[in-house]
Each structure stands twice: as structure tokens, then as C-alpha cells.
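Read through the structure below, which is laid out as C-alpha cells, and then see the notes.
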Amino acid sequence: MTDALILTEMHGDGPRRTALIKLNRPKQLNALNDALMDQLGEALLAFDRDESVGCIVITGSDKAFAAGADISAMARFDYMHVHQSDFITRNWETMLQVRKPVIAAVAGFALGGGCELAMMCDVLIAAETAKFGQPEIKIGIIPGAGGTQRLPRAVGKSKAMDLVLTARMMDAAEAERAGLVSRVVPAERLLDEALAAAEAINALSGPSVALAKECVNRAFEGTLSDGVMFERRVFHSLFATADQKEGMDAFLAKRPPQFGHS
Ligand code: DAK
């Protein structure tokens with residue numbers, strides 16, 4: 001039997017619920033090995049397909065969201081292996097296929113691939129205990145899952161250089177000031193806050209939520225004018241949904257909307 005390197009739970013009692021994924025290699029500080037990334041990818045895609053799921057939350061342990069890719073596995077790799085296996089595009093990019101919102105709830109270490117995984121999520125909520133960093137330079141490599149690209153877009157060039165080149169860690173308060181995380185909460189409130197944010201999203205129109213996510217992601221990919229045009233077209237398309245009629249009618253009738261996600 002395969003070890004459960006992730007644990008999953010369903011939360012909420014509305015028509016759309018939250019899928020919680022917990023990274024589960026606590027003794028290794030959730031170091032991300034191939035099997036864990038496979039299991040995470042499968043769970044993400046299954047929850048994305050499941051119509052009863054509105055939002056996904058990913059979390060780790062109190063001590064570590066994830067302390068990076070598994071160094072004990074990587075230590076033996078050589079150039080031909082990482083090049084020919086396209087190390088490890090297969091299961092590290094699955095997150096980018098998910099159309100529903102993914103919230104990272106981060107306590108403790110989010111380092112290297114752990115920080116990169118958190119940055120691939122849509123909303124990043126940090127406990128006061130969270131520590132972020134890209135320390136790969138200390139082990140003779142550089143970030144390989146988007147760290148040199150997503151970190152500067154989130155925190156600017158100077159702080160990204162500081163973190164990538166010195167390998168220092170940034171605490172939750174600094175991460176919030178820098179714009180890496182959306183909010184910082186007491187550690188004991190982390191999961192409740194993340195689940196409450198997910199619950200708020202679950203109550204909204206699924207198509208609007210998925211398209212809003214796609215539009216914000218566009219801001220990271222292209223030019224401002226292309227992004228604004230993309231947003232305009234997506235905005236227009238939402239007038240083809242029943243949820244737009246329902247949302248606006250409900251507002252005018254001063255009643256809560258009942259979205260059918262269509
Ligand atoms: N890999 C493997 N094991 C790890 C680990 C890691 N990244 N981080 C921690 N562990 C293990 C430790 O070896 C230790 O195991 P035992 O000795 O108990 O067997 C256990 O977790 C507890 O760790 P410590 O004893 O070290 O705990 P401390 O509290 O003293 O220190 C620490 C915590 C997080 C500061 C320290 O463990 C640490 O520095 N860990 C390494 C952090 C790091 O360098 N992370 C970056 C790894 S490189 C890519 C995708 C991803 C990546 C690259 C490419 N593609 C898609 C191309 C990612 C690369 C990386 O993340």
C-alpha cells in the first residue's frame with residue numbers, strides 16, 4: 001500500500017465545500033519528494049473536477065509547510081538524469097492546471113520548493129510562525145520551480161535578490177509587508193482563517209471565481225494592455241451566465257443570491 005504522504009478532509013456544509021489537503025511527511029519537515037508531489041497532483045486534479053468542491057486549502061504541520069524538495073533524493077542526481085527526466089516538471093506544474101482557488105495556509109518553514117509551492121497557490125495566508133526563503137544557493141543550486149520568477153513579481157527585485165542570493169529567511173511580518181502573503185494570523189487561528197476565506201469564496205458564483213482567478217494570473221504573464229483586454233473580454237462573457245442575472249437581481253431585491261454556478 002502507498003503511504004499517505006498527503007491527508008485530505010472535506011469542510012463546510014454548503015452546496016460547495018472546501019477540500020483540505022495536508023502535506024504529511026512531518027518528520028522530514030514535509031520535504032517534497034516525487035511520491036508526495038504525485039499524490040498532491042492527483043488530489044488537486046480530483047478536487048478540481050469535483051463539482052461539490054468550491055475551494056482547495058493546502059497546509060502543512062505547525063513546524064513546516066514544506067522545507068523544500070527532498071534533498072536526500074536530489075543529492076544523487078547528475079546532469080543527464082535531471083535533463084533527460086525533465087526533473088521534475090511532470091508533477092510540479094499540476095497546480096497550475098487547477099481552475100478553482102487554492103489557498104496556502106502556511107505555518108513554520110516554507111523554504112525552497114516549499115516556498116515555490118506556496119507561491120503557486122492563489123492566496124497565501126501565513127501564521128505568525130511562518131518563515132519563507134529560497135536557500136537553494138546554500139546547497140549549490142538555485143530555485144528550480146519558479147522561485148527566481150514568482151518571488152520578484154511578488155516582492156520586487158531587491159528583496160528577491162536578497163533572499164535568493166543570501167539564503168536568509170523572511171518572517172511572516174516581513175512577508176506581509178513585502179506583499180508575499182495576503183494576511184498574517186495567530187498560529188492557532190491559521191486553519192480557521194483559511195477555511196473561512198474558502199467558505200466565503202464557496203458561496204460565490206463558480207464561473208466568476210474561476211475567471212477572476214484566470215484574469216489575476218494573467219497580470220503575471222503578459223503586458224498591462226493585453227491583461228486589461230483579456231479582463232474586458234472575460235467580463236463581457238459573464239453576462240452570458242445565469243449567475244450574473246441572479247447576482248444582480250438578488251442585489252436589487254435586497255436578498256442573498258442563490259448561485260447555480262452556471
Ligand atoms: N529535504 C530532505 N530532508 C529534509 C529537508 C529537505 N529539504 N529539510 C529538512 N529535512 C529533514 C532533515 O534532514 C531532518 O531529518 P533527520 O536528520 O531527522 O532524519 C529533519 O527533516 C528535521 O530537520 P532538521 O533537523 O534540520 O530541523 P531543524 O529545525 O534543525 O532545521 C531547517 C530546519 C528547515 C532550517 C533545515 O532542515 C533545513 O535547512 N532544511 C533544508 C532547507 C532547504 O535547503 N530547502 C531547499 C531544498 S532544494 C524543481 C522543483 C523544486 C525544486 C527544484 C526544482 N523543478 C520543478 C525543476 C526545489 C528545490 C529545493 O527545495
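Just follow the structure's listing: the first ligand is 1, and inside any ligand the first atom is 1. Each residue takes its place number in the sequence, starting with 1.
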Does E174 pair with R168 as a salt bridge, N-O distance under 4.0 Å?
yes
Is_contact([atom]), protein non-hydrogen, under 4.0 Å:
| atom | result |
| --- | --- |
| atom 39 (O) of ligand 1 | no |
| atom 55 (N) of ligand 1 | yes |
| atom 18 (O) of ligand 1 | no |

Treating Ile, Leu, Val, Met, Phe, Trp and Tyr as nodes and any side-chain heavy-atom pair under 4.5 angstrom as an edge, say whether L190 and L180 lie in one connected cluster.
no
Which of the numbered atoms in ligand 1 are below 4.0 angstrom from a heavy atom of [X]?
| X | value |
| --- | --- |
| G144 | 49 (C), 53 (C), 54 (C), 55 (N), 56 (C), 57 (C) |
| M74 | 48 (S) |
| A145 | 49 (C), 50 (C), 51 (C) |
| K27 | 20 (C), 21 (O), 22 (C) |
| G113 | 58 (C), 60 (C), 61 (O) |
| P135 | 43 (C), 44 (O), 45 (N) |

Nearest-neighbour protein heavy atom for atom 24 (P) of ligand 1, which is reported as residue plus atom name and distance:
L29 CD1, 4.5 Å
Would F87 and F77 count as a close aromatic pair, with their ring centres under 6.0 Å?
yes
Does R218 count as lying over the ring of F230, i.e. NZ or CZ under 6.0 Å from the six-ring centre, within 45 degrees of the axis?
yes
Any luck finding a side-chain donor-acceptor pair between D243 and T241 under 3.5 Å?
no
